[in-house]
Protein chains: 2
Amino acid sequence: MTISTYAQNVSHPPFAVTVDLVVLTIRESELCVLLVQRGEEPFSGQWALPGGFVLVDEDIEAAAYRELAEETGVSEGLHLEQLASYGAPDRDPRMRTVSVAWLALAPELAEPVAGTDAAHAEWVPVAETGLLTLAFDHERILADGLERARAKIEYSPLAAAFCPTEFTVGQLRKVYEAVWGHSLDPRNFHRKVTRTEGFLSETGGTSTIDGGRPAKLYRAGTRAMLNPPIRR
Amino acid sequence: MTISTYAQNVSHPPFAVTVDLVVLTIRESELCVLLVQRGEEPFSGQWALPGGFVLVDEDIEAAAYRELAEETGVSEGLHLEQLASYGAPDRDPRMRTVSVAWLALAPELAEPVAGTDAAHAEWVPVAETGLLTLAFDHERILADGLERARAKIEYSPLAAAFCPTEFTVGQLRKVYEAVWGHSLDPRNFHRKVTRTEGFLSETGGTSTIDGGRPAKLYRAGTRAMLNPPIRR
DNA sequence: TCCATTTCTTGTCAAGATGACGATAAGTAC
DNA sequence: GTACTTATCGTCATCTTGACAAGAAATGGA
């Protein structure tokens, strides 16, 4: 019995459910997304978002975490949130599929991308993805993920998810600049993030990693929402 | 072949996919949600969000629109956006199900709720839903829908979706007050919405429906985002 | 008719936030 | 030491907000 004939006979036709990941990081001040090169049909050889089937009895969020760990080699500390679901009837030529897409943000550390799958995985600068044709409806998913990230760092402390545990105001500013694609005034940015109660918490240490005067180190604060937001 | 035995034999186990709707409206200055009383097991007799199975070859968004039209009797003009998906393995005791939840906003007109399903549908004030136990994981879905609505009217023109085509500033303010659950200064609110370029467009007409001095009528403007937002 | 009441609309003013940018601090490289 | 870098603080005009006064324009009742 194939899936399609099976589907005719029940009130709740069977779907395959997958998770797809938009994993973003910042490398050399550039916003990058994790892409894999597909090794099999359909779309063999094309770039795609990492992802896979949800297992029987596996929570969809657990599936997203599992794929994330498999693809990045990092199993915790990454921010992961649900993005949206995509379920056009023809989005996968093989079968009726609904994909639950997730947005993950990783600090730069996440260098070693050891694909458990044979597939070749790579960090691709977002600016260059416009030239690529992604498999399935992954171009839309990526666009939605980028828009979510751009919107969310405005009014949440999420940008810190791109940074190591301790970071300087300058590093945080470079995150905003990479995600938004334009520069910000260092002095006004500094005033905004340091004067917003609960946004950052000082660690006491300093860093000279970027040269110049030593910068104070901060950790992400406890505040969940920024009001008023950081303006693009 | 049952679903569960079928699932053992393929790399992509079959799921049932449903859509569930959080349909909000405002009645007598109160935020209300559309709930149906379940007529069958599981959770027979309990309140639930309206929804149903996605059909074979039906787009998930089309399924949401179909259910929305079936439950409200209104087939267009309503705002509908995807909320999130819920896929815990045990969320439906009958089978493995993933539900794609949608948020819909309706103007008050939508009185006649003629359930095509035998199920009894009713507008329930959101303030009273805390006393109810909803079926499945619908309490969480409702909570997520409310949070989305509360957050989104802040920086988008979405509140107008609760109003008829033409409305007064006072009516719009009552929407914000109902959704946020507290009152706003009429004068500052008036200044904010009328001085924000592109948010409202004057129709030329006036209305005395709420008593007092006649109020100018407006239509929703063309602007998609508010920056700075309307503050809660 | 006059008046109280209602809601709408404009305006004022102090406090807070933003954007542009000057100036100083405190490191590193030579 | 000098040049260069980045960090941090400060100034100031402009914009936005929150609190609230006051007038405009309808309704209903004495």
Side-chain angles (χ1 to χ4, degrees), chain A residues 26 28-29 153-155 159-160 163-164 166-178 180 182-219 223 225-232, chain B residues 28-29 153-155 159 163-164 166-178 180 182-219 223 225-232:
Chain A
I26 289 169
E28 297 165 21
S29 299
I153 61 173
E154 215 169 323
Y155 58 88
C163 296
E166 299 194 0
F167 53 89
T168 68
V169 173
Q171 289 174 317
L172 187 64
R173 177 169 47 81
K174 283 183 173 49
V175 169
Y176 280 88
E177 293 178 335
W180 285 342
H182 62 78
S183 59
L184 297 168
D185 185 288
R187 297 158 292 187
N188 291 338
F189 182 83
H190 189 279
R191 177 181 59 193
K192 176 69 178 178
V193 298
T194 57
R195 307 275 264 265
T196 298
E197 199 70 28
F199 187 58
L200 296 179
S201 88
E202 217 169 308
T203 69
T206 58
S207 161
T208 55
I209 206 168
D210 289 318
R213 172 175 169 180
K216 288 183 189 167
L217 284 168
Y218 295 87
R219 257 188 277 275
R223 180 192 272 244
M225 295 298 265
L226 284 176
N227 201 332
I230 297 171
R231 315 227 5 217
R232 296 201 205 194
Chain B
E28 297 165 20
S29 299
I153 62 174
E154 219 169 318
Y155 58 87
C163 296
E166 299 193 359
F167 53 89
T168 68
V169 173
Q171 290 175 317
L172 187 64
R173 178 169 47 80
K174 282 183 176 50
V175 168
Y176 280 87
E177 293 179 333
W180 285 342
H182 62 78
S183 59
L184 297 169
D185 184 288
R187 297 158 291 186
N188 292 338
F189 181 83
H190 188 280
R191 176 181 60 193
K192 177 68 178 177
V193 299
T194 56
R195 308 277 262 267
T196 298
E197 198 70 28
F199 187 59
L200 296 178
S201 88
E202 217 170 308
T203 69
T206 59
S207 161
T208 55
I209 207 169
D210 289 318
R213 171 176 170 179
K216 289 183 188 167
L217 285 169
Y218 295 86
R219 257 189 274 275
R223 181 191 272 243
M225 296 297 265
L226 285 176
N227 202 333
I230 297 171
R231 313 215 23 208
R232 298 200 202 193

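To find a chain, count down the sequence lines: A is the first, B the second, and so on, and within it residues start at 1.
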When you check the phosphate oxygens OP1 and OP2 of [N], does a side-chain N or O of [X] lie under 4.0 Å from one of them?
X	N	value
Lys216(A)	dT8(D)	no
Lys192(B)	dT17(D)	yes
His190(A)	dA7(D)	no

Quick check for you: among dG18(D), dT9(C), dT18(C), whose closest atom lies nearest to any side-chain atom of Arg231(B)?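 Looking only at side-chain atoms, Arg231(B) lies closest to dG18(D).
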Base of [N], side chain of [X] - is there a donor-acceptor contact under 3.5 Å?
X	N	answer
Asn188(B)	dA19(D)	yes
Arg191(A)	dG10(D)	no
Arg187(A)	dG22(C)	yes

Please name the residue in the list Ile209(A), Asp210(A), Thr203(A) that meets the side-chain contact (heavy atoms from CB on, under 4.5 Å) test with Ser207(A). Ile209(A)
Whole-Å gap separating [atom2] ([N]) and [atom1] ([X]):
X	N	atom1	atom2	result
Phe189(A)	dC9(D)	CZ	P	15 Å
Asp185(A)	dA7(D)	CG	C1'	13 Å
Ile209(B)	dA25(D)	CD1	C1'	17 Å
Arg173(B)	dT6(C)	CZ	P	14 Å
Glu154(A)	dA17(C)	CD	C1'	15 Å

Of Gly212(A) and Asn227(B), whose closest DNA chain D nucleotide lies nearer the 5' terminus? Gly212(A)
Start at the 5' end of DNA chain D and walk down; is the nucleotide closest to Arg232(B) or to Arg213(B) reached first? Arg232(B)
Let me know, please, whether Arg195(B) or Pro228(A) comes out on the 5' side of the other along DNA chain C by nearest nucleotide.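 The answer here is Arg195(B).
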What pair of heavy atoms forms the shortest contact from Ala178(A) to Ser29(A), and how long is it? CB-O, 3.6 Å
Please report the closest heavy-atom contact between Phe199(A) and Val193(A), naming both atoms and the distance. CE2-CG1, 3.6 Å
Is there side-chain contact between His190(B) and Arg173(B), with at least one heavy-atom pair below 4.5 Å?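 Answer no - side chains too far apart.
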Look at the aromatic rings of Trp180(A) and His182(A) and report parallel, tilted or perpendicular, splitting at 30° and 60°.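 Rings of Trp180(A) and His182(A): parallel, as their planes differ by under 30°.
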